[in-house]
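A short worksheet on the structure shown next.
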Amino acid sequence: DQIAAYKQESADCEKKREQIKVQNQKNYEKYHEGQMSRDEFLSEKKQLEEERERLQRRKKELEALNAFYEGDKEALACVSGALGMGKTTLLRHFADGKKAIYFHAYETTGKQELSMFTQVLAKADIAGVAAGEDTGKRSEASLENLLDAITEIAKQEKLLLVIDQY
């Protein structure tokens, strides 16, 4: 299932890259036929090349994340970059088809953040976690207890936890 999703994403990237190549060729023909100015042609070419490069980077990023995920070790990965680069989209594609908890973190109080995280865990149907069940350390729901419970689940099966900050 994960392999099929990855292959589909790769195929989509290849299809888009081929469409860019075809559009570049059409623009070249329009330019030589006088239907497009040199500046329009160069501007279009630059935009298409930037999109092609973005798709190539996205494919490499997905390959790296999938290799990381398929590894045998428990590990933590950090995806960072400037606002609007596509980190959220990348992570959503990566999480698709995997047992995953996806949490959008917003700047708020710790209590509110804990409440929102608990709600996400409830929607993900993580047994015992959303109810704030005791993990043996404390009986009150706390971030530590929730993460301990998630860790216990992850010991039994591969589990992806994505915390996406806005």
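If you're wondering where the values come from, they're calculated on a predicted model, not measured in any experiment.
- For the atom pair Gln56 CD and Glu51 CD, the distance stands at 11.0 Å (nearest 0.5 Å).
- A salt bridge is defined here as a Lys NZ or Arg NE, NH1 or NH2 lying under 4.0 Å from an Asp or Glu carboxylate O, and Glu29 with Lys26 fails to meet this definition.
- Contact annotation: the side chain of Phe103 approaches that of Met116 to within less than 4.5 Å [non-hydrogen atoms, C-beta and beyond].
- Contact of the Glu157 side chain with the Lys99 side chain is registered, since non-hydrogen atoms from C-beta on lie closer than 4.5 Å.
- The shortest distance between side-chain heavy atoms of Tyr28 and Met36 does not fall below 4.5 Å.
- For the pair Lys98 (side chain) and Phe94 (backbone), a donor-acceptor distance under 3.5 Å is present.
- Atom CZ of Phe68 has more than 12 neighbouring heavy atoms from other residues, nucleotides or ligands inside a 6.0 Å radius.
- No path of Ile, Leu, Val, Met, Phe, Trp and Tyr side chains, each step under 4.5 Å between heavy atoms, connects Leu62 with Leu55, placing them in separate hydrophobic clusters.
- Residues Leu42 and Leu48 do not share a hydrophobic cluster, clusters being chains of Ile/Leu/Val/Met/Phe/Trp/Tyr side chains in contact below 4.5 Å.
- Going from atom CG of Asn27 over to atom NE2 of His32 covers 11.5 Å, rounded to the nearest 0.5 Å.
- At most 12 heavy atoms of other shown residues, nucleotides or ligands fall within 6.0 angstrom of atom NZ in Lys45.
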Audit row: Lys155, Glu152, salt bridge (Lys or Arg N to Asp or Glu O under 4.0 Å) steps and yes/no: CA-CA 5 Å; Lys155 287 179 182 177; Glu152 288 304 313; 3.3 Å; yes

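- Note: Tyr31 and Phe41 have parallel aromatic rings, judged against thresholds of 30 and 60 degrees for the angle between ring planes.
- Using a distance-only test at 3.5 Å, with no hydrogens or angles considered, no donor-acceptor pair links the side chain of Glu53 to the main chain of Glu50.
- Under the 4.0 Å criterion applied to side-chain N and carboxylate O atoms, Lys15 and Glu18 are not assigned as salt-bridge partners.
- For the 3.5 Å distance criterion, the side chains of Glu70 and Asn66 fail to qualify, holding no donor opposite an acceptor.
- From Lys21, atom NZ reaches atom CD of Gln23 across 14.0 Å, with rounding to the nearest 0.5 Å.
- Here the straight-line distance linking atom OH of Tyr102 with atom NZ of Lys123 works out to 14.5 Å at 0.5 Å rounding.
- With Ser115 contributing its side chain and Lys111 its backbone, the two residues share no donor-acceptor pair below 3.5 Å.
- Ile163 CD1 to Phe117 CZ: the interatomic distance, rounded to the nearest 0.5 Å, is 5.0 Å.
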Steps toward side chain to side chain contact (heavy atoms under 4.5 Å, CB included) verdict (Glu61, Val79): CA-CA 10 Å; Glu61 290 164 344; Val79 177; over 6 Å; no

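- Put simply, the side chain of Thr118 gets close to the backbone of Leu114: a donor and an acceptor are under 3.5 Å apart.
- Remark: Ile101 CD1 to Leu146 CG distance equals 9.5 Å, nearest 0.5 Å.
- No option in His104, His93, Gln165 other than His104 meets the side-chain contact (heavy atoms from CB on, under 4.5 Å) test with Thr88.
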Glu49 vs Arg52, salt bridge (Lys or Arg N to Asp or Glu O under 4.0 Å): CA-CA, chis, key distance, verdict: CA-CA 5 Å; Glu49 288 300 312; Arg52 185 180 63 78; 2.7 Å; yes

Trace of the side chain to side chain contact (heavy atoms under 4.5 Å, CB included) decision for Thr89 with Arg58: CA-CA 10 Å; Thr89 302; Arg58 174 61 44 89; 3.8 Å; yes

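- Counting heavy atoms from C-beta on, the side chains of Thr151 and Leu159 never come closer than 4.5 Å.
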